[in-house]
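The structure appears below as structure tokens.
Quantities reported herein were computed from a predicted structural model and do not represent experimental measurements. Below, all heavy atoms of this structure are taken into account, side chains as well, without hydrogens, waters or symmetry copies.
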Amino acid sequence: MTATLREKFTALRKQAGPAYIVIKMGGNHINNDRIRTDIIQSLRLLKDTGFKPVVVHGGGNEISAELRERGIEPSFINGLRLTDEPTMRITEMLLSGFINKKLTAAFLKAGVPAVGISGRDGGLFKALPDNSLPVTVNNRTGQIETVDTRPAEAISSAGYVPVISPVSSDTEEEPLNVNADNAASALAQELKAYALFMLTDSGGVYNNQKRILSLLTLSDITRMQKTGEISGGMIPKTDNAAVSIRKGVGSVYICTGSGTEITDCMLGISQTEAVSRLLDWFETNKRRMPWRDDPNPYYVWVSEIMLQQTQALAEADRDELMKHWEGLGYYQRVRNMQETARRLVQEYGGKLPRTRAELIKLKGIGNYVSASLASIAFGEDCACVDGNVLRVVSRLHGIREDISSPLVKKQITVHCEAMLPEGRAGDFNQAMMELGATVCKKQLPKCAECPFRELCTAHRQNLTAVIPYKAKKAPVPHYTIAVGVLLDDNNHTLIGLRKPDALLGNLWEFPGGKVQPGEEPADACKREMKEETGLDTEVRQLLCSVNHAYTHFKITLHACVCHPLTPMRNAAAKSAVELRIMPVSDLVNYAFPGANQPVLKSLHLYLSAPQYPIPT
């Protein structure tokens with residue numbers, strides 16, 4: 001906890017007067033270790049600076065799972081669970097027993113004093129059966145009638161955080177299940193709370209454009225419920241938000257609670273302000289790049305290559321194209337580019353589609369490239385997530401799960417989509433990538449220069465060395481390869497073309513393959529030459545050995561100078577698409593994989609100063 005934050009919250013507390021903060025936590029906030037830790041750390045800061053946190057928790061997922069295990073299908077109406085007598089016993093057992101004690105233990109384990117109680121304890125909540133619901137027999141779904149705040153106040157005054165389950169008593173002191181949002185709202189109203197946080201998995205309230213609203217008025221709630229924009233479990237949240245504001249609660253926030261959202265809201269640092277800081281930083285600190293002047297890399301690629309040169313790319317000779325790409329790696333990309341160019345000529349009039357939905361249909365254009373093109377080149381509001389963005393967002397929100405996991409990537413994408421400034425997605429995406437590349441670096445991030453420094457969970461909790469987290473990869477396999485550089489008396493050689501759908505497809509190579517266990521490279525070379533070309537050969541010299549790393553494996557390649565014992569014209573392609581015989585001087589015109597480049601250099605040195613054959 002930084003001194004600056006402590007000072008800010010201490011000053012805020014002095015302005016606030018008696019300052020209860022009521023937080024409603026759902027099942028995911030309790031069970032997700034990262035989010036639960038974020039919330040507890042935020043409440044620790046509030047408590048240490050004089051605020052009085054009070055927690056009301058739900059547990060709907062656990063209740064539904066237990067009911068289904070017992071053959072009972074859960075029922076809901078307008079986001080409220082329908083509870084009868086049999087399900088009430090299960091509900092109370094889970095809420096006031098297992099879930100309440102689990103959450104209280106998490107506070108204690110984190111060093112935050114807490115006491116877990118039921119809403120029935122001390123007469124905290126009194127309720128009547130909710131007669132508006134279609135349960136005619138043994139209705140145990142309650143509507144809170146009165147709140148006695150004394151149990152919560154006593155626990156808080158003693159220096160503990162009250163952790164309350166949403167179970168109430170009726171007039172006969174029998175249990176009723178009450179909605180956790182309703183319970184939290186009713187308690188906040190009676191405490192005249194400074195703020196009420198209703199935490200949700202969905203991130204907040206979305207408009208028709210699927211964007212989270214940073215501000216919601218009472219009239220907005222009424223209108224959006226009528227239009228159906230607010231539905232399901234968000235109905236009781238927004239209803240309670242409206243009632244709480246009318247009854248004197250200072251502020252109501254609907255958010256995830258992850259990262260530093262709770263403290264950010266308290267300080268009035270909205271998501272909109274955070275994005276504004278990022279864009280201001282980008283405008284001042286962005287690096288000068290040719291594509292930013294005119295005007296960005298994707299647009300230049302589209303205009304200079306795809307729009308103006310589509311026909312040329314579509315009609316380019318395969319070998320010439322691969323030769324130009326030689327040495328860059330990722331050869332599948334250039335093949336995809338040519339295939340896409342041909343399709344653009346045939347189906348799109350030589351022009352690239354302008355929407356992400358159409359772009360992603362093209363060969364070689366996936367989520368990242370389609371979002372980049374659509375947002376930066378064509379102004380579509382969509383989030384672009386690369387490695388830099390994964391690092392920035394995982395640190396910002398304190399995400400400690402493996403960022404290579406598809407679920408975590410999806411979660412980070414949702415965070416980014418929620419932050420997108422309408423009409424400026426291209427600037428936002430470039431700013432996020434620039435921030436990751438220049439400030440939020442993997443090693444030694446420059447936190448003092450970061451526009452998110454006040455908001456960043458990893459920075460606040462000194463976790464930048466461990467976030468982002470990536471699971472350890474399995475050991476990279478290693479293979480030993482032997483290839484034959486065939487030379488006849490006229491210094492002609494033989495090369496083969498790899499299959500287009502194989503690794504390094506459409507590149508040329510010297511015949512060869514894997515060395516078997518216990519096999520010498522020279523013997524492997526002779527065997528592979530026979531298997532791949534049908535030629536008998538004599539190995540005359542080890543030309544060179546090359547260590548090379550690909551994306552998913554490593555190789556040691558042994559290249560041997562071989563002499564044909566049968567004419568090379570008799571060679572037949574057994575695994576290659578085709579074989580070609582040519583003078584060594586012509587090899588410069590063909591595209592080879594990176595591991596073959598040292599072999600070509602060694603071959604030219606060998607021919608300029610021939611070595612003696614290895615003695616047999």
Side-chain angles (χ1 to χ4, degrees), residues 326-327 329-332 404 470-488 493-568 570-581 584 587 590-606 610-616:
E326 184 181 43
Y330 301 102
Y331 293 96
Q332 184 63 37
S404 62
K470 292 184 76 173
K472 290 184 178 180
K473 294 183 179 180
V476 177
H478 177 273
Y479 305 110
T480 302
I481 308 295
V483 301
V485 180
L486 203 59
L487 289 175
D488 65 10
T493 190
L494 179 143
I495 57 175
L497 179 66
R498 293 182 63 85
K499 293 178 180 179
D501 57 350
L503 178 70
L504 307 174
N506 285 338
L507 293 177
W508 294 87
E509 65 179 359
F510 296 105
K514 292 180 182 177
V515 177
Q516 300 301 320
E519 190 177 33
E520 292 296 323
D523 295 330
C525 184
K526 291 173 64 175
R527 175 181 54 76
E528 287 286 342
M529 190 68 75
K530 181 71 173 178
E531 291 174 0
E532 293 195 11
T533 69
L535 297 179
D536 292 314
T537 57
E538 174 189 18
V539 175
R540 291 194 169 176
Q541 179 167 339
L542 177 66
L543 182 63
C544 65
S545 295
V546 178
N547 292 315
H548 191 79
Y550 293 97
T551 305
H552 301 297
F553 63 93
K554 297 178 181 179
I555 67 168
T556 297
L557 183 147
H558 301 289
C560 301
V561 175
C562 301
H563 183 74
L565 299 178
T566 50
M568 281 196 284
N570 295 338
K574 302 294 181 66
S575 60
V577 175
E578 65 172 296
L579 298 174
R580 286 190 188 178
I581 302 168
V584 169
L587 291 175
Y590 292 82
F592 285 82
N596 281 242
Q597 300 303 320
V599 178
L600 294 171
K601 291 179 182 178
S602 296
L603 176 59
H604 287 293
L605 289 173
Y606 172 83
Q611 305 295 310
Y612 291 104
I614 298 174
T616 58

- Query: Roughly how far, to the nearest 0.5 Å, is CG of L486 from CE of M529?
  - Reply: 5.0 Å
- Note on the structure: In short, A576 meets A573 closest at the heavy-atom pair O-CB, 3.6 Å
Show me, pair by pair, the donor-acceptor contacts under 3.5 angstrom made by side chains of residues 512-519, not counting sequence neighbours?
residue	atom	partner	partner atom	Å
E519	OE1	Q516	N	2.9
E519	OE1	R527	NH2	2.9
E519	OE2	R527	NE	2.9

- Heavy-atom nearest pair, A502 first then R498, reads CB-NH2, 4.2 Å
- Note on the structure: Scanning both residues in full, the closest heavy-atom pair of L494 with A571 reads CD1-CB, 3.6 Å
- Note on the structure: Nearest heavy-atom contact between A595 and V546 is O-CG1, 3.9 Å
- About how many Å separate CZ of F592 and CG of L587, when rounded to the nearest 0.5 Å? 4.5 Å
- Measure centre to centre between the rings of H548 and Y550, then say whether the value is under 6.0 Å. yes
- Task: Please name all residues satisfying salt bridge (charged side-chain N to carboxylate O under 4.0 Å, His left out) with K530, sequence neighbours left out, ordered by chain then number.
- Result: D536
- Value rounded to 0.5 Å, distance of SG in C525 from CD in E520: 12.5 Å
- Message: Is there a side-chain contact (heavy atoms from CB on, under 4.5 Å) between F510 and L543? Walk through the geometry before answering.
- Response: CA-CA 13 Å; F510 296 105; L543 182 63; over 6 Å; no
- Query: Is N596 close to W508 at the side-chain level, that is, under 4.5 Å between some pair of heavy atoms?
  - Reply: no
- Note on the structure: CZ (R580) and OH (Y590) are apart, to the nearest 0.5 Å, by 4.5 Å
- Message: Nearest 0.5 Å, please: how far is CG in L579 from CD in E532?
- Response: 8.5 Å
- With side chains defined as the heavy atoms from C-beta onward, is the minimum distance between Y606 and V584 less than 4.5 Å? no
- Item | Non-hydrogen atoms of A482 and P521 that approach each other most closely | CB-O, 3.5 Å
- Just how far is it from atom OG1 of T533 to atom CE of M568, taken to the nearest 0.5 Å? 10.5 Å
- Note on the structure: Nearest heavy-atom contact between V539 and A522 is CG2-O, 3.5 Å
Contacts table for residues 554-565: side-chain donor-acceptor under 3.5 angstrom, sequence neighbours left out:
residue	atom	partner	partner atom	Å
T556	OG1	H478	NE2	2.8
T556	OG1	N547	OD1	2.7
H558	ND1	S545	OG	2.7
H563	ND1	L487	O	3.3

